[in-house]
Amino acid sequence: MGALTKKSSMDLTTGNLYKKIIFFSFPIMLAGLLQLLYTQANLVTIRIWGEGDSSVSAIGINGSLITLVIGLFTGLALGANVVMAHAKGRNDAAYAKKVLHSSIILSIIFGISVSIFGVALARYFLIWMNATDDIIDKATTYLSIYFLGMPFTMIYNYGAALQRALGDSKKPLYSLMISAVINIILNIIFVVVLKLDVAGAAIATISSEAIAATMTMYWLIKDKNGFVKFSFKDFKLDKEAALEVIRIGLPAGLESIIFSIANVTIQAESNLFGISSELGNSAASNIEAYLYAVMSAFSQAAAAFVAQNYGALKKDNIKKVLKISIILEVSVSLALGALMTTFLDPMLHIFISSDSQAMEIGRSRLYMILLTYFTCGIMDCYSAFYRSEKYTIVPMIVTLLGCNIVRMAFIFGLYKLPQFHTLMWLYATFPISWVLSSLIYFILYFFIQPKVDRKIDDQLAHQNQGGNPEFVTKYANKK
């Protein structure tokens, strides 16, 4: 186990950054794809052995809603990632231990809170989403059971964020590989054998999340040769570490909620076009998720690399990471998006059995999204970049202006006019908002980055004059 630990961890502040970002991103991509397999396995199993398209729609409609409800708390996991990476970059093992244990405690508290909140309000959320009468009961059943598993989901997300901050993107993948196999087996048992339909799919999902959470804690406890490891005797909440995680993570959580509100509103509007629209959008969004899983790996890598180099006071590396991440993201997104458009019908038929109108709606959405998704990736890379430099409010404000306000203004403005009241115009709000947000981030770079450079220069000057690391850390926080 010790050998695996040493090989899995990576120093994110030295060496060939281009090569390291690629190798670091790849396990994150695979982990994201495996997480998608939970839902995809559910959908395919339900479509073939469950109760058909209505059950598929009942699961699919919950996607953006789940993201909205848990966004605040999973956003806080990004705070844990940044704070831990800063500690690793400045080689502060004592503070890293406090961050580790405080973050796990926060994940448990938030997980239980989301469970209670989500189960109580599941049906009301779906009514707000304009869920049709023929799927709302099934959708409520799936969502309620899903929320029961939130503590496990939170523990995995926080644990994985901490591991990646330490330079280890492989162990979160190992955890998901094991849980993915369990998920497939349980889907067969609960849906095919026991005929539990959407309830069985939800039970399989939360059971798999429990396995992933257990494996994540196992890695953190057994990481004997790593920078820091979990210990039950140190399992207590440190006020300073917890507050820093919340201070950096809370804006990320609010950003996620702001982003999701616009997405949920768009989905709610599209649902008004009927069951075919629900099915087509559900199928398309599940296919888009694969591209997002690949693209988000680069922004997650950027966050870890920038944060570690920020802690190590390596300003040139910080800029290189942003450039490399955007180049990789744009190149892969354009190539993969173009490839996916050539296989639209086979992919859609995985989720849609016979509804030709749903197929056409799915095609229209996918053409619009897949070929422009690289602009969303650029936006995400900039967001991760600024957050890791402790400019945590900037991404939240840009999301509010560039995505939320633009989309909501269209929906409650131009969209009400007959010539704009179409699904294609509704889908067009996605790339328009991505481009606008990316442009805002690009302009802000020339105002924010010189300030970051001066801050790092000041800290380096203080170190060269004999300042101790503890003082430098406090000085950086105050600046």
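Atoms considered below: every heavy atom in the structure, side chains included; atoms not considered: hydrogens, waters and symmetry mates.
Side-chain atoms of Ser383 do not come within 3.5 Å of backbone N or O of Asp380 as any donor-acceptor pair. The main-chain N or O of Lys171 is found under 3.5 Å from a side-chain atom of Ser175 such that the two form a donor-acceptor pair. With hydrogens and angles disregarded, no donor-acceptor distance shorter than 3.5 Å links the side chain of Ser102 to the backbone of Val99. The main-chain N or O of Ala165 is found under 3.5 Å from a side-chain atom of Gln308 such that the two form a donor-acceptor pair. With Thr342 contributing its side chain and Leu339 its backbone, the two residues share a donor-acceptor pair below 3.5 Å. Of the possible donor and acceptor atoms, one in the side chain of Thr341 sits under 3.5 Å from a partner among the backbone N and O of Ala338. Within the 3.5 Å criterion, the main-chain N or O of Asn183 finds a donor-acceptor partner in the side chain of Asn187.
Of all heavy-atom pairs between Glu329 and Cys381, the closest is CB-SG, 4.3 Å. For the pair Met379 and Cys403, the tightest heavy-atom approach, listed with the atom from each and the gap, is SD-SG, 3.8 Å. For Ser325 against Ala302, the heavy-atom pair with the smallest separation is OG-CB, 3.4 Å. Minimum interatomic distance between Ser276 and Ala358 (heavy atoms only, all atoms of both residues): O-CB, 3.4 Å. Of all heavy-atom pairs between Tyr373 and Met295, the closest is CD2-CG, 4.2 Å. The shortest heavy-atom contact between Leu371 and Leu334 is O-CD2, 4.5 Å.
Residues Ser285 and Asn281 have side chains not in contact (no heavy-atom distance under 4.5 Å, counting atoms from C-beta outward). Using a 4.5 Å heavy-atom threshold, the side chains of Ile246 and Leu106 count as touching. At a threshold of 4.5 Å between non-hydrogen side-chain atoms, the residues Thr399 and Asn404 do not count as touching. When side chains are defined from C-beta on, Leu186 does not count as touching Val191, because their heavy atoms never get closer than 4.5 Å. Residues Lys138 and Glu51 are in side-chain contact: their nearest non-hydrogen atoms beyond the backbone lie under 4.5 Å apart. In this structure, the side chains of Thr153 and Val114 stay at 4.5 Å or more apart for every pair of heavy atoms. Side-chain contact between Gln449 and Ile318 is present, with at least one heavy-atom pair separated by less than 4.5 Å. Taking the side chain as every heavy atom from C-beta outward, Pro172 and Tyr156 approach each other to under 4.5 Å.
Under a cut-off of 6.0 angstrom, the local environment of NZ in Lys195 is crowded, with over 12 non-hydrogen atoms contributed by other residues, nucleotides or ligands. The neighbour count for Phe26 CZ, taken as heavy atoms of other residues, nucleotides or ligands under 6.0 Å away, does not exceed 12. Residue Lys416 qualifies as enclosed at atom NZ: its count of foreign heavy atoms under 6.0 Å is above 12. For Lys319, the NZ atom sits in a packed shell: over 12 heavy atoms of surrounding residues, nucleotides or ligands are nearer than 6.0 Å.
Ring-centre distance between Trp434 and Phe374: not below the 6.0 Å cut-off.
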request  = Carefully, step by step, assess Ile155 and Ile108 under the rule side chain to side chain contact (heavy atoms under 4.5 Å, CB included).
outcome  = CA-CA 6 Å; Ile155 291 172; Ile108 295 171; 4.0 Å; yes

Stepwise salt bridge (charged side-chain N to carboxylate O under 4.0 Å, His left out) check, Glu389 with Lys315 = CA-CA 10 Å; Glu389 292 186 323; Lys315 63 181 183 181; over 6 Å; no

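Below 30°, between 30° and 60°, or above 60°: for Tyr415 and Phe410 the angle between ring planes is between 30° and 60°, a tilted geometry. Classified by interplanar angle (parallel below 30°, tilted 30° to 60°, perpendicular above 60°), the ring pair His86/Tyr310 is tilted. Phe110 and Tyr158 have tilted rings, their planes meeting at an angle from 30° to 60° on a 0 to 90° scale.
Of the residues Tyr445, Tyr441, Tyr391, the one that meets the ring-ring contact (aromatic ring centres under 6.0 Å, His included) test with Tyr386 is Tyr441. The only option from Phe298, Tyr18, Phe305 that meets the ring-ring contact (aromatic ring centres under 6.0 Å, His included) definition with Phe24 turns out to be Phe305.
The distance from the CG atom of Leu344 to the CG atom of Leu366 is 5.5 Å, given to the nearest 0.5 Å. With rounding to the nearest 0.5 angstrom, the NZ atom of Lys20 is 11.5 Å from the CD1 atom of Ile324.
Donor-acceptor pairing under 3.5 Å is lacking for the side chains of Asn81 and Arg164.
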